[in-house]
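All remarks here apply to the structure that follows.
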Amino acid sequence: KKDQVSLFGQTIYKHANTKLINLYGPTEATVDVSCYECNFDQIPDSIPIGKPIDNIRLYVLDLYGQPVPIGTPGELHIAGVGLARGYINREELTRQKFIDSPLERENRLYKTGDLAMWQPDGNIAFLGRIDNQVKIRGFRIELGDIENQLLTHEKISEASVLTKKLSGEDELVAYYISEVSLEVSELRNFLAIKLPDYMVPAYFVQLEEMPLTVNGKLNRKALPNPEIKADENFELPVNELQKQLVDIWAEVLDLQADVIGIHSNFFDIGGNSLKLINVVNKINRAFDTTLTVAEIFGFPIISRIAEHMSKGEEEEIIDFDNELDQMDETIGLLNQIKG
């Protein structure tokens with residue numbers, strides 16, 4: 001991570017001139033296959049895994065086993081003398097992972113399952129695991145892309161994103177570690193600048209530390225479900241309209257009504273564009289209105305929606321009164337003509 005490299009540079013490198021080299025490699029290829037020497041003067045946001053070491057060849061290939069252009073993600077494959085023969089007593093897995101090379105005769109490639117990309121300077125960027133690709137509402141998403149963007153936030157030291165089945169559908173949940181408390185709206189806005197709407201997580205969970213397995217890897221199964229709680233600005237509904245709107249939100253978001261206040265932001269408590277459409281439809285059916293998604297998208301807060309709806313009713317009443325006045329004037333003129 002960038003902050004760790006920076007800390008190393010300011011301490012160990014500064015006082016002892018000690019180099020920091022990032023090594024990458026799986027056990028199936030005798031552990032190390034690439035290296036990157038960190039430059040403390042220009043630290044990239046994401047530290048590359050570098051270039052192949054001697055006697056190792058690295059390929060970034062597409063789904064058809066063809067090399068991808070620089071800057072295009074693909075699966076990292078390894079060739080060279082370090083490759084293992086296969087998995088003991090696991091012939092099927094060996095056939096899946098150790099494949100005949102379409103690029104080198106009489107040589108094999110190991111499919112790492114890692115998503116990577118060649119950079120213009122000849123280094124390889126590690127983008128995450130291919131099995132971390134998910135499909136949310138028809139969009140294919142690389143979870144590592146979201147994690148990398150979260151890590152560019154100056155107050156976030158660790159981040160992990162995964163999908164969880166919530167409210168009957170798969171939702172993106174972001175877990176992060178920070179020394180300070182961060183507002184969900186701040187994190188949503190931070191990511192919205194960098195990512196398309198469908199890649200912004202519906203939930204954000206702040207943790208003191210990431211759960212790890214006995215091997216020291218992230219234990220994704222131990223990450224808790226997000227819990228929506230009433231915030232510091234929580235206020236109960238003050239009239240029947242606000243109460244009905246809260247009930248509609250609770251139904252769509254599958255939440256208890258007592259955690260939704262009149263100042264709660266729809267998108268901060270698990271809402272998304274599709275759920276917003278559902279909310280608008282339910283409001284229009286319940287109140288016989290013609291609200292649009294665009295109207296509510298601009299102020300997704302109970303108090304603001306209620307205010308907008310009340311204002312609309314007043315305008316309708318005023319317009320109706322004007323029509324009556326005009327009708328009276330018309331009738332008066334007709335009577336004068338008849339007279």
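Predicted model, so just to flag it, every value in this text is computed and none were measured.
A side-chain donor-acceptor contact under 3.5 Å links E142 to the backbone of G144. In this structure, the side chain of Q149 does not engage the main chain of L191 through any donor-acceptor pair within 3.5 Å. In this structure, the side chain of N22 engages the main chain of P48 through a donor-acceptor pair within 3.5 Å. Checked by atom type and distance alone, the side chain of N107 never pairs as donor or acceptor with a backbone atom of S101 at under 3.5 Å. A donor-acceptor pair under 3.5 Å links the side-chain atoms of S264 to the main chain of G261, judged by distance alone.
A continuous path of Ile, Leu, Val, Met, Phe, Trp and Tyr side chains, each step under 4.5 Å between heavy atoms, connects I156 with L195, placing both in one hydrophobic cluster. Residues L253 and I283 share a hydrophobic cluster, clusters being chains of Ile/Leu/Val/Met/Phe/Trp/Tyr side chains in contact below 4.5 Å. Y59 and I99 fall within a single hydrophobic cluster, where Ile, Leu, Val, Met, Phe, Trp and Tyr side chains are chained together by heavy-atom contacts under 4.5 Å.
In the model, Y176 has a side-chain atom that pairs as donor or acceptor with a side-chain atom of Q206 under 3.5 Å. No side-chain donor-acceptor contact under 3.5 Å links Y175 and E147. Side chain to side chain, T292 and E295 meet the donor-acceptor criterion of an N or O pair below 3.5 Å. For the residue pair T152 and D45, no side-chain donor N or O sits within less than 3.5 Å of a side-chain acceptor on the partner. For the residue pair Q10 and H15, no side-chain donor N or O sits within less than 3.5 Å of a side-chain acceptor on the partner. For the 3.5 Å distance criterion, the side chains of D197 and S273 qualify, holding a donor opposite an acceptor.
Here the CG atom belonging to N39 is positioned 10.0 Å from the CD1 atom belonging to I47, to the nearest 0.5 angstrom. Atom-to-atom distance recorded for K194:NZ and M199:CE is 12.5 Å, nearest 0.5 angstrom.
Put simply, the side chain of M210 reaches to within 4.5 Å of the side chain of L223, judged on heavy atoms. Between T112 and H77 there is no side-chain heavy-atom pair separated by less than 4.5 Å. N123 is listed as a side-chain neighbour of Y36, based on a closest heavy-atom distance under 4.5 Å.
Under the 4.0 Å criterion applied to side-chain N and carboxylate O atoms, R129 and E75 are not assigned as salt-bridge partners. Look at R57 and E104 and you find a salt bridge, because one of the NZ, NE, NH1 or NH2 atoms lies within 4.0 Å of a carboxylate O, short of that distance.
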When the side chains of residues 240-249 are checked against the rest of the protein, which donor-acceptor pairs come out under 3.5 Å, sequence neighbours left out?
{"residue": "Q242", "atom": "OE1", "partner": "V238", "partner atom": "N", "Å": "2.9"}
{"residue": "K243", "atom": "NZ", "partner": "D247", "partner atom": "OD2", "Å": "3.4"}

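Grouped by direct or indirect side-chain proximity (heavy atoms under 4.5 Å, Ile/Leu/Val/Met/Phe/Trp/Tyr only), Y24 sits with V33, I49, I53, I56, L58, V60, V68, I70, L76, I78, L83, Y87, L93, F98, Y110, W118, I124, F126.
Ring-plane geometry between H308 and F299 is classed as tilted, the angle between the planes lying from 30 to 60 degrees on a 0 to 90 degree scale.
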